[in-house]
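Throughout, protein chains are lettered first and strands after them, A, B, ... in sequence-line order, and every chain is numbered starting at 1.
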Amino acid sequence: MDLYAMIYSSIKEFKGNIRKDPTTNQNVSSAMAAELTIVSTVLIATIMLRHLNIMLTVLIVLGLGLFLITGMPLINKLKREQNDSLNKMMFYMILTLGILVTSIYWGFKP
Amino acid sequence: MIEYIVMIVGILGSILALVQRDLLKATILTGISGGCIAFLFQILLAPDVALTQAIVGAAIVPVFLAIAIYKTQRVDKDD
Amino acid sequence: MIDTQLAALLSSGSFIIIGLYAAIFIDNIIKKIIGLSFIEEGANMFLITLAYRPDGIVPIFLPGMTPEWFASKSAYPLPHALVLTSIVIGASTLAIMLAIAMVLYNKHGSLSASVILGDKK
Amino acid sequence: MNDLIPLMVIVPIIVAILLNLFSKQNTTVKILSFLVAIVLPIIPILSNYGLHYFGGHAPLIDNGNLLNSLPSYISDGALSTFHIGITYSFESLQRILLFFLFVVGFLCILTTLGERKRIPGSYMFLMFMGLAAVTAMLLSDDIFHMYIFFEIAIVAQVGIVLASTDDLKYEVAMKYLLLGSVGGPILLIGIGFLLGLVGSVNITDIVYAVKNGLINTSSPVFLFSFGLIFFGWLYSVGLPPFHTIKSSIYSKAVPSGSALLQALSVVIFISLGITIFRIYSSLPLLEVFLIFFSLSGMILSLTMAIMENDFKRMIGFLAVGELGYIGLGFGIGTKLSLTAALFQGLNEIIITAILFIGFGVILYLTKISDITKLGGLIENNPKIAIIVLLGGFAMAGVPPLNGFQSKLMLIQSALNDNLPELAIIMILISIITFMTFMKAFHSIYLKPKPKNLIVEDVRVPRSSIFAMAVLIVICIVLGIMPTLVTNGFSGFVGGLI
């Protein structure tokens, strides 16, 4: 199944729950653009880890690339997680607070 | 000694306020825990703050909450 | 027996934890607002506890005290001034939230956060 | 004339209170708000650089008589240099940023005056209160004072959202306040930790204590305070995980209000960001955190913007995504990148105001915000279409507009700092921004007009066109002569590093 068909079917499934209007070409092409943006930017951003360790970076980029490409219609999952529900926002807020505080506390310790 | 009792009462009041199904009881418990905090401020050498907190925490906030509950519904149905 | 300052710090911490619990797990919006006001109170109490000094005196300079003795005994008054402002801000934010909650109740007929503040709402 | 410094905060507050008082009298509200809004940009131009001590409480070292009467452990130690009262500092950054903030504020107020027949005084109250709050945050050298005005700014923002006619305004405002009542106290606790370490809330004093080793910068308390203040900063500016709520705040307000909201957010971003940078620049992981959150903010909000069909929400996401550039500038942390970040912030205030006001005209004419139901509007008002197009070009960074200059500086600074990946991502993101903007532009203006689209036969308010024209002229002038502002910014940054 090529990328277009894959994204088309996933958008159709995603939109079916909410609205009735047809899934247009514009929807699919914008979702595809978003998909490619997210894969490419995340992979490029990961290369910045080379300042820490080069071998580790190679491994992480390869693993992450494989993971991103196999789980390809990512954008629907992302969109579902970033909806306007208060519970989701609260959850991610507390999660960020926890991660931030713990990683700072352990990460900076000399 | 008294301060430990006040602390425990304040924390218990706040926990109990959150498990009540009757929101008016929750409001009264909020007032109790606000008053306990005001008393603690007095013990922690801040009498001026204690005055403000006693007025705001033990009187104004419960009254606001009570007005809001009076205008909406008293029982938390979906818990 | 732990000393007063540590106990006060711990209890301010538990107020914050209770508030964070309420923020995530409690669905009724008025109770959520009550819980969030506990975070505010915990933060205020934390600041006041910072200013505390064991065996200290209230930071009011009375006649008959020498400045040196006062400086070595008094609690730190700066956080008190800060907390005064912070309490008032907390109360006013709470009032606004309650007002909006009342409007939302009239609109949706419910106080449940997942109903009135869910997706597509 | 140093006495003018506090006036920048006092005048808007007094006017706000007066407007609330005269809320019922329509003409008074109109005339008063117009006059004051036009006077406000003049104050930063006239006033001189310097410090203003509230209540005359200068540091002890400036007060010879008092200093000599004190015991030597105070007069010889670091305590004598500490600031006793609230201090406002007014430098080149504040002058430039406040001037443009007040100009944008004036144009937003003018647009509101043109679009509405009856102006409620309370709405004007909120606009002036928001302006006063962020001005105080930018001027203040006192972190607790910043927190107070930050809370006031949040309440003002919520009020601006509540003044709109959108169906979902109450829900969004409630969510913003609920999230804010976690974010605000967390910021306060972070300030409390700093206060416990240093004993002062003045930023200059804290920086002095950190630089001179008076406090242990690797102690858990200092690190904890960094985490909490950083979290409060994330909330205040709308980087992840707050980008969804921030963009929906923008999309629910009246368009001219959203333009002001974005200006307020940018100023809060810059003032708190500079504070964090000054205090915590010795921590090695600060850059990593800044770059991580800015990048994720840019990527997440842009991908959401592409998928969006509602143009208000789309512009909201784009505006939040653009904020990431400022964060990246702070994250790279060189002199050039900080200058570029401040310049980018200034450009963002102006460009997003153009887009919000320009798309607001569409909303004014059709009352529809779904781009699939719009089309062919270029026949109705080609002038506005061209101005909006120029605004989009400026946002995407097309020369010779101002967005190009600031993004070029950012990319250069990333390359100089051995981070070419960041440069590539910035270019990619600005291409995607342009694509998203063109998608909206095409479906609103160029696509054939749908049959059932009814355009109301009302004239576009002249004030909106005037506001957009002024903003686009500023864009072009800054694009051709960026040194007008970058010199001031780099002078400020030179004192920072």
Side-chain angles (χ1 to χ4, degrees), chain B residues 1-4 6-15 17-21 23-24 26-27 29-31 33-34 36-38 40-57 59-79, chain C residues 1-2 4-5 7-8 10-12 14-15 18-19 21-22 25-31 33-35 37-38 41-42 44-45 48-49 51-53 56-60 74-77 79-81 83-84 87-88 90-91 94-95 97-99 101-102 104-106 109-112 114-115:
Chain B
M1 193 55 219
I2 182 95
E3 59 261 31
Y4 300 110
V6 172
M7 280 171 203
I8 290 167
V9 170
I11 294 169
L12 276 183
S14 62
I15 293 174
L18 293 180
V19 297
Q20 288 304 319
R21 294 191 65 168
L23 290 177
L24 207 58
T27 303
L29 286 165
T30 314
S33 108
C36 287
I37 290 177
L40 276 177
F41 285 172
Q42 171 69 36
I43 291 170
L44 294 169
L45 305 178
D48 46 345
V49 189
L51 274 178
T52 318
Q53 171 69 24
I55 297 165
V56 171
I60 294 181
V61 167
V63 167
F64 281 169
L65 286 168
I67 293 172
I69 290 163
Y70 178 71
K71 296 270 182 189
T72 55
Q73 64 181 18
R74 188 173 158 177
V75 185
D76 178 8
K77 274 180 264 179
D78 349 81
D79 213 17
Chain C
M1 205 86 203
I2 49 176
T4 316
Q5 193 168 17
L10 286 177
S11 51
S12 78
S14 31
F15 274 115
I18 292 168
Y21 171 82
F25 292 110
I26 286 188
D27 196 44
N28 186 292
I29 200 149
I30 297 220
K31 280 208 293 196
I33 293 171
I34 293 177
S37 78
F38 288 143
E41 287 179 355
N44 291 339
M45 201 169 147
I48 292 290
T49 316
Y52 176 72
R53 169 177 279 181
I57 57 165
V58 169
I60 298 172
S74 114
Y76 189 37
H80 298 177
V83 168
L84 274 182
I87 288 174
V88 177
L94 182 108
M97 283 199 282
L98 287 175
M102 273 144 73
L104 286 177
Y105 178 77
N106 289 339
S110 165
L111 278 179
S112 161
S114 51
V115 174

Report summary line: Tightest non-hydrogen contact, residues C/Lys31 and B/Ala17, listed as CD-O, 3.9 Å
Report task. Rounded to the nearest 0.5 Å, what's the gap from CZ on B/Phe41 to CD1 on C/Ile87? Could you check? Result -> 5.0 Å
Query raised in the report: Rounded to the nearest 0.5 Å, how far does CG of B/Leu18 lie from OH of C/Tyr21?
Result: 8.0 Å
Requested in this report: Applying side chain to side chain contact (heavy atoms under 4.5 Å, CB included), name anything that partners C/Arg53, two or more places apart in sequence or on another chain.
Outcome: none
Query raised in the report: How close do B/Ile43 and C/Tyr52 get, heavy atom to heavy atom, and via which atoms?
Result: O-CE1, 3.8 Å
Query raised in the report: Any side-chain heavy atom of C/Leu111 sitting closer than 4.5 Å to one from B/Leu23?
Result: yes
Report summary line: Residue from C/Ala91, C/Gly35, C/Ala22, C/Gly56 scoring the most non-hydrogen pairs under 4.5 Å with chain B is C/Gly56
Requested in this report: Find the distance between CD1 (C/Ile30) and CD (B/Gln73) and round it off to the nearest 0.5 Å.
Outcome: 8.5 Å
Report summary line: Heaviest contributor of heavy-atom pairs below 4.5 Å to chain B, chosen from C/Asn44, C/Ile48, C/Ile33, is C/Ile48
Report summary line: Okay, B/Leu44 and chain C: the region with an atom under 4.5 Å from a heavy atom over there is both
Query raised in the report: When only pairs under 4.5 Å are counted, which of B/Leu40, B/Val61, B/Leu65, B/Ile60 shares the most heavy-atom pairs with chain C?
Result: B/Leu65
Report task. Heavy-atom distances under 4.5 Å only: say whether C/Ile57 touches chain B with side chain, backbone, both or neither. Result -> backbone
Query raised in the report: Taking the side chain as C-beta and beyond, is there a heavy-atom pair between B/Ser14 and C/Glu41 under 4.5 Å?
Result: no
Requested in this report: Identify the two heavy atoms, one from C/Ala95 and one from B/Phe64, that lie closest to each other, and give their separation to 0.1 Å.
Outcome: CB-CE1, 3.6 Å
Query raised in the report: How many angstroms lie between atom CE of C/Met45 and atom CD of B/Gln53, to the nearest 0.5 angstrom?
Result: 10.0 Å
Report task. Counting only heavy atoms closer than 4.5 Å, note whether B/Val49 contacts chain C via side chain, backbone, both or neither. Result -> both
**Report entry** Top contributor to chain C contacts, counting heavy-atom pairs under 4.5 Å, from B/Ile15, B/Ile69, B/Leu45
**Finding:** B/Leu45
Query raised in the report: With only heavy atoms counted, which part of C/Thr4 is less than 4.5 Å from chain B, the side chain, the backbone, both or neither?
Result: both
Query raised in the report: CG/C/Leu104 to OG1/B/Thr72 distance, rounded to the nearest 0.5 angstrom?
Result: 11.0 Å
Requested in this report: Output every pair passing salt bridge (charged side-chain N to carboxylate O under 4.0 Å, His left out) with a member in residues 61-71 of chain B, not counting sequence neighbours, ordered by first then second residue.
Outcome: none
Requested in this report: Let me know if C/Ile26 has heavy atoms under 4.5 Å from chain B in its side chain, its backbone, both or neither.
Outcome: side chain
Query raised in the report: Considering only heavy atoms, which portion of B/Glu3 lies under 4.5 Å from any heavy atom of chain C: side chain, backbone, both, or neither?
Result: side chain
